[in-house]
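Remarks on the structure that follows.
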Amino acid sequence: MTAHPDLTGTSDDLREMVREFAAARIAPLVAELDETERFPSEIYQQMGGLGLFGITIDEDDGGAGGTVADYITVMEELSYGYASVADQCGLVELVASLLAAHGTPDQREQYLPGLLAGTLRCSYALTEAGAGSDLGGVATTARRDGDDWILNGEKVFIHNAPVADFAMVLAVTDASKRKRGGMSMFLVDVDQPGVERAYTEHKMGQRASPVGGFVFRDVRLPATALLGAEGTGFGAVLSVLEKGRLGIGALANGITRSAVDTARDYAVGRRQFGQPIGAFQAVSFTLADMATEYQAARLLLESGAARLDAGQEAGVACSMAKLFASETAVRTTGHAVQILGGAGYIRGVPAERLYRDARVTTIYEGTSEVQRLIISRDLLGRLA
Ligand SMILES: Cc1cc2nc3c(=O)[nH]c(=O)nc-3n(C[C@H](O)[C@H](O)[C@H](O)COP(=O)(O)OP(=O)(O)OC[C@H]3O[C@@H](n4cnc5c(N)ncnc54)[C@H](O)[C@@H]3O)c2cc1C
């Protein structure tokens, strides 16, 4: 299916470049990556070389100097190739955005060039066993020791924990204030003493973006490890939330587009009762609904991106876009499996993988319920 023409001005050249990259470099490896769960090092480096990391980061900081509209286009096209690869683009975008906005010149120089070139790997470590949707429950602490900080705690479900060079870690620095100025963000070299990569999860889908845990035991950090001012960590998280949600929404929509194409091709080629199954209205109308929902999600994503690019309030627009795009991905990949019949249920078939890859999009970067909370509070205020 042709992607919806972009109303926000993203260049066709950018879209075409990423689409060709996804077709030539990502698609041939997808089945193997899904099966082996290995980190796609070669694709990661190629993405850095092509300038696909740090789309919205200023050129002065080594980024592409693009818009959020460009970013969602890149995310969708990469994800059309394979969502696990797009995941890396989204992760670098968030970490690089925070470094560019809050990092000292030394911090930017230390991390940004390698990160954007695809030679450094990062993690963004917020979640803990007791702190998922509610980051107020973060129990990892950083206490001062002279000029240094001592970090203790445990993070779970962290992208790239098994393979990262450094992590951005959210920790409590003033327990009396917590989310209101008591949390800080630290840049942590994860190969240093006291840091343990606790385990690697085996996930349902998106299996080539490794997820695992970190344990920090009396990790000594220099004063220069603090990102921004003390107490600004939670604000930093909020500052990239909307862009992050659009990124995952776009990733979900890349999965949807792939599901539409997979199901359409099958509906044209598969014959039953003497005709292509696409000639049965039950199948063709399902495809029509899938394609329509893809376009609707795309427009919601563009609307959120346009607001962010114009510097307008975008919280509700981005929540709506993420909610709809991710729920659409889950629904449409289910339809794709159904249209393929038994062939859609076999391990390794694209429709089956897309179904698994889509599932987490309603969970990470804010669950669907959290998005509904944001949208409904805007409608109703806080009634309780
Ligand atoms: C594959 C994967 C990769 C991830 N990568 C990262 C990463 O790189 N870095 C990182 O920090 N985290 C990461 N996470 C964690 C992710 O952000 C959390 O899983 C997510 O925020 C949900 O938290 P939780 O799993 O603790 O669920 P919970 O918050 O415990 O929620 C459980 C259920 O309760 C619902 N719920 C919770 N609160 C409310 C409420 N107020 N109203 C209504 N319903 C509610 C939720 O919607 C959900 O359905 C990742 C997770 C996964 C699965």
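As the structure is a computational prediction, the values presented were derived from the model and not from experiment. In listed order, ligands and their atoms are each counted from 1.
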Judging by distance only, is a nitrogen or oxygen of Ile158 under 3.5 angstrom from one on ligand 1? no
If the cut-off is 4.0 Å to any non-hydrogen atom of Val360, which atoms of ligand 1 fall inside it? 1 (C), 53 (C)
Starting from atom 16 (C) of ligand 1, which protein heavy atom do you reach first, and at what distance in Å? Thr127 OG1, 3.9 Å
Verdict with reasoning, Ser326 to Arg245, per side chain to side chain donor-acceptor pair (under 3.5 Å): CA-CA 10 Å; Ser326 60; Arg245 287 181 175 157; over 6 Å; no
How far is atom 42 (N) of ligand 1 from the closest protein heavy atom, and which atom is that? Leu373 CD1, 4.1 Å
Please list all pairs passing the ring-ring contact (aromatic ring centres under 6.0 Å, His included) test where one or both residues lie in residues 174-213, with sequence neighbours left out. Trp149-Phe186
Can you tell me the protein heavy atom closest to atom 37 (C) of ligand 1 and the distance? Ser133 OG, 3.7 Å
Atom 26 (O) of ligand 1: nearest protein contact (heavy atom, Å): Gly132 CA, 3.2 Å
Please tell me whether Tyr44 and Phe53 form a close aromatic pair, meaning their ring centres lie under 6.0 Å apart. yes
Backbone N or O of Phe324 within a donor-acceptor pair of the Thr328 side chain at under 3.5 Å? yes
Record the part of Phe157 in heavy-atom contact with ligand 1 below 4.0 Å; permitted values are side chain, backbone, both and neither. both
What protein heavy atom lies closest to atom 9 (N) of ligand 1? Include the residue and the distance to one decimal. Tyr124 O, 2.7 Å
Nearest to atom 2 (C) of ligand 1, what protein heavy atom do you find, and at what distance? Tyr364 CD2, 3.9 Å
Side chain Arg108, main chain Gly103, donor-acceptor under 3.5 Å: yes
Side chain to side chain donor-acceptor pair (under 3.5 Å) between Asp87 and Tyr364: does it pass, once the steps are laid out? CA-CA 11 Å; Asp87 255 338; Tyr364 65 6; 3.1 Å; yes
Compute the shortest N/O to N/O distance between Ala125 and ligand 1 and return yes if it is under 3.5 Å, no if not. no
Side chain of Asp378, backbone of Val316: donor and acceptor closer than 3.5 Å? no
Could you say whether the N/O atoms of His159 and ligand 1 ever approach to under 3.5 Å? yes
Can you figure out which of Arg372, Arg207, Glu369 has its heavy atom closest to atom 47 (O) of ligand 1? Glu369
Would you find a donor on one side and an acceptor on the other, under 3.5 Å apart, between the side chain of Ser79 and the backbone of Glu76? no
Ligand-side contact atoms (ligand 1) for residue partner Ile363, heavy atom cut-off under 4.0 Å: 20 (C)
For Phe273 and Phe280, take the angle between the two ring planes, folded into 0 to 90°, and tell me which bin it lands in: parallel under 30, tilted 30 to 60, perpendicular over 60. perpendicular
Glu93/Lys243 salt bridge by N-O under 4.0 Å criterion: yes
State if Val370 counts as touching ligand 1 under the rule of any non-hydrogen atom under 4.0 Å. no
Within the protein, is there a heavy atom lying under 4.0 Å from atom 30 (O) of ligand 1? no
Nearest protein heavy atom to atom 33 (C) of ligand 1: under 4.0 Å? no
Has ligand 1 got any nitrogen or oxygen that is less than 3.5 angstrom from a nitrogen or oxygen of Lys203? no
Main-chain N/O of Gly136 paired to Asp134 side chain as donor or acceptor, under 3.5 Å: yes
Output the list of atoms in ligand 1 that are nearer than 4.0 Å to some heavy atom of Thr367, sorted by atom number. 22 (C), 46 (C), 47 (O)
